[in-house]
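Since the structure comes first, as structure tokens, the remarks are kept for the end.
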Amino acid sequence: MKQIFLESHNIKNPYFGFGQFNYHLIKALYSINDPEFEFTLHAKDFSKLKDEFGSHFNYKKYKSITRYPLFRIAKRYDLWHSLNQNIKIEPRHKIPYVMTVHDIHFIDEKGDNESKQRFIDKLNRCSAIIYISKFVQKHTREHFKIPKVPEYVIYNGNTILNSELPETHKPSFLPVRNYLYSIGEFTERKNFGSLVKMLAYLPDYDLILSGNSDKPYYKELLTLIAELNLTNRVHITGKVSDEDKKYYMKNCTAFVFPSLREGFGIPPIEAMTFGKPVFMSNNTSLPEIGGRDAFYWDHYDPEYMAQIFFAGMEKSDNDPDFSKRVKDHANTFNWNETARNYLAVYKKVLS
């Protein structure tokens, strides 16, 4: 049985993309239970993982000191999988090595030479490279010299496996008007400000925003909301449970996602699970992931965005098959299929 080390310590952040990726890939590997492999999970606190997965996995406690070369993990696993591109933890020895690349947004951050060099070093370690979208592969090739190793594109799965929600479930904030919904970290990249500006042209709708709001951009957003006199129509929930997220997606008029840069973009797929119209940016990976039945903004002039919204709503409302097509599209992103593709890569590397 081959020993696979999953560098998964970012599972500690369940509300962020890396944490979601770590958890759902691990859960799918557990479900498949391939007899050829034994996995070790790397986490600072693995008590919840043990509660869910028991002795199916081995567990190694994350210690920050292992970021430094002298204290790197010494065990010679058969394969090491770095679950994202910015992890500082590395094996001490040269062993088969796979990396998943989610994005290379750090190239746009001036002075971040440390992240760039770390990524180059990781690339040069690789026995195989996995990208979460064709866009990420293309973007990476444009900016870095890729070693001559196998490359694969493996899409993430849909994190909402069951769209059912108990009728009795109510979030702490209950909307009373028709609303648009979005979720994500409150950073400039998520571009929530464009939604606030668009709302001035949509008098019959409110806007609900969920996500981590401890970033400086959050204060800028509050200032913009106040300046446009939209305090009573923009509702910020902060982080939400999976059940609350499902409630807001299930009951919204549409899901809106004007992100400036995405390696994949899971939330639009989650919203499609409920058959909702999805409006998002026509850039980076989003057209690739959203497909033909999403609606796209080419730029962020608020009046133009409102026009795209009204046109998209009219089209979806008058198409009796729209909701089913959108749900079917969401169902093509399946974590078990994602995990099977990862297992196939492991087998190819080890063969």
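Just so you know, residue 1 is the first one in the sequence shown, and it goes up from there. Heavy-atom basis, side chains included; hydrogens, waters and symmetry copies ignored.
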| query | Is Thr284 reaching over with its side chain to a backbone N or O of Arg261, donor-acceptor style, under 3.5 angstrom? | reply | no

| Side chain to side chain, Ile89 and Trp80, heavy atoms closer than 4.5 Å | yes

| request: Compute the ring centroids of Phe257 and Phe279, then answer whether they are less than 6.0 Å apart. | output: no

| Hey, any chance Phe309 and Ile208 share a hydrophobic cluster, counting ILVMFWY side chains that come within less than 4.5 Å of each other, even indirectly? | yes

| query | Which word best sums up how the rings of Phe37 and Phe39 line up, parallel for under 30°, tilted for 30 to 60°, or perpendicular for over 60°? | reply | tilted

| task | Name the orientation class of the two ring planes belonging to His81 and Tyr346 (parallel below 30°, tilted from 30 to 60°, perpendicular beyond 60°). | result | perpendicular

| SB check Lys347 Asp34 (cutoff 4.0 Å) | yes

| message | Keeping Gln85 on the side-chain end and His102 on the backbone end, is there a donor-acceptor pair under 3.5 Å? | response | yes

| Under 30°, 30 to 60°, or over 60°: which ring-plane class applies to Phe144 and Phe119, parallel, tilted or perpendicular? | perpendicular

| Pro147 side chain reached by Leu123 side chain, heavy atoms, under 4.5 Å | yes

| query | Out of curiosity, Lys94 NZ to Arg76 CZ, how far, rounded to the nearest 0.5 Å? | reply | 11.5 Å

| field | Joint cluster assignment, Trp297 & Val196, ILVMFWY side-chain distance < 4.5 Å | value | yes

| field | His235 side chain to Asp206 side chain, donor-acceptor N/O pair below 3.5 angstrom | value | yes

| message | For Tyr205 versus Leu180, what's the shortest heavy-atom pair and its separation? | response | CD2-CD2, 4.2 Å

| said: What's the separation between atom CZ in Phe106 and atom CG in Asn86, rounded to the nearest 0.5 Å? | reply: 8.0 Å

| said: Tell me if the CZ atom of Phe310 is crowded by more than 12 foreign heavy atoms within 6.0 Å. | reply: yes

| task | Taking Arg141 for its side chain and Val136 for its backbone only, find out whether a donor-acceptor pair lies under 3.5 Å. | result | no

| Minimum heavy-atom separation for Gly265 to Leu286, with atom names? | CA-CD2, 4.4 Å

| said: Return the CG to CZ distance between Leu224 and Phe192, rounded to the nearest 0.5 Å. | reply: 13.0 Å

| message | Phe333 vs His329, test: ring-ring contact (aromatic ring centres under 6.0 Å, His included). Steps then yes/no. | response | CA-CA 8 Å; Phe333 297 91; His329 178 70; 5.4 Å; yes

| said: Check whether Asp78 reaches the backbone of Gln3 with its side chain - one donor and one acceptor, N or O, closer than 3.5 Å. | reply: yes

| So do the side chains of Lys134 and Tyr155 get within less than 4.5 Å of each other, counting heavy atoms only? | yes

| query | Do Met1 and Val345 share a hydrophobic cluster, counting only Ile, Leu, Val, Met, Phe, Trp and Tyr and linking them when any side-chain heavy atoms are less than 4.5 Å apart? | reply | no

| task | Please answer whether the main-chain N or O of Val256 pairs with a side-chain N or O of Ser182 as donor and acceptor at a distance below 3.5 Å. | result | yes

| Hey, is Lys122 close enough to Glu90 for a salt bridge, meaning N to O under 4.0 Å? | yes

| Is Lys12 atom NZ crowded by more than 12 heavy atoms from other residues, nucleotides or ligands, each under 6.0 Å away? | yes

| said: Let me check something: do Tyr181 and Tyr201 share a hydrophobic cluster, defined by ILVMFWY side-chain heavy atoms less than 4.5 Å apart, either directly or through other members? | reply: no

| Looking only at side chains, do Asn22 and Asn10 share a donor and an acceptor under 3.5 Å apart? | no

| request: Starting at OH of Tyr23, measure out to CD1 of Ile26 and round the result to the nearest 0.5 Å. | output: 9.5 Å

| Is the Tyr30 ring parallel, tilted or perpendicular to the Phe57 ring (thresholds 30°, 60°)? | tilted

| Closest non-hydrogen atom pair between Pro277 and Thr253, with its separation | CD-O, 3.6 Å

| Going by distance alone, is a donor N or O of one side chain under 3.5 Å from an acceptor N or O of the other, for His169 and Asp244? | yes

| Quick check: does any side chain N or O of Ser31 sit under 3.5 Å from a backbone N or O of Ala28, one acting as donor and the other as acceptor? | no

| In terms of side-chain heavy atoms, does Tyr218 have a donor or acceptor partner in Thr187 at a distance below 3.5 Å? | no

| message | Can you confirm whether Lys246 is buried at NZ, in the sense that more than 12 heavy atoms of other residues, nucleotides or ligands lie under 6.0 Å from that atom? | response | yes

| Any donor-acceptor N or O pair under 3.5 Å, side chains Ser259, Glu262 | yes

| said: Under a 3.5 Å cutoff, is there a donor and acceptor pairing between the side chains of Ser163 and Thr273? | reply: no

| message | Do the side chains of Asp319 and Arg325 get close enough for a salt bridge, i.e. N-O under 4.0 angstrom? | response | yes

| When you check the gap from the basic side-chain N to the acidic O, do Arg340 and Glu337 get nearer than 4.0 Å? | yes

| request: Keeping the roles fixed (side chain from Thr332, backbone from Asp328), state whether a donor-acceptor pair exists under 3.5 Å. | output: no

| request: Would you give the length of the straight line joining atom CG of Asn156 to atom CD1 of Ile269, rounded to the nearest 0.5 angstrom? | output: 10.0 Å

| task | Ignoring hydrogens and angles, state whether a donor on the side chain of Asp121 or Gln117 is under 3.5 Å from an acceptor on the partner side chain. | result | yes

| query | Got more than 12 heavy atoms from elsewhere within 6.0 Å of CG, Asn33? | reply | yes

| said: Closer than 3.5 angstrom, by distance alone: can the side chain of Arg67 be matched with the main-chain N or O of Ser64 as a donor-acceptor pair? | reply: yes

| Is a side-chain donor or acceptor of Ser281 paired with a backbone partner of Asn283 at a separation under 3.5 angstrom? | no

| request: Using a cut-off of 6.0 Å, state whether more than 12 heavy atoms not belonging to Glu142 lie near its atom CD. | output: yes

| Roughly how far, to the nearest 0.5 Å, is CG of Leu29 from CG of Leu6? | 6.5 Å

| request: Return yes if a side-chain donor-acceptor contact under 3.5 Å exists between Thr100 and Tyr342, otherwise no. | output: yes

| task | Indicate yes or no for a side-chain donor-acceptor contact from Tyr152 to the backbone of Ile130 under 3.5 Å, with no hydrogens or angles considered. | result | no

| Under 3.5 Å, is there a donor-acceptor pair between the His9 and Glu7 side chains? | yes

| message | Determine whether Glu52 and Lys48 satisfy the following criterion, salt bridge (charged side-chain N to carboxylate O under 4.0 Å, His left out), listing intermediate values before the conclusion. | response | CA-CA 6 Å; Glu52 182 168 359; Lys48 290 183 179 179; over 6 Å; no

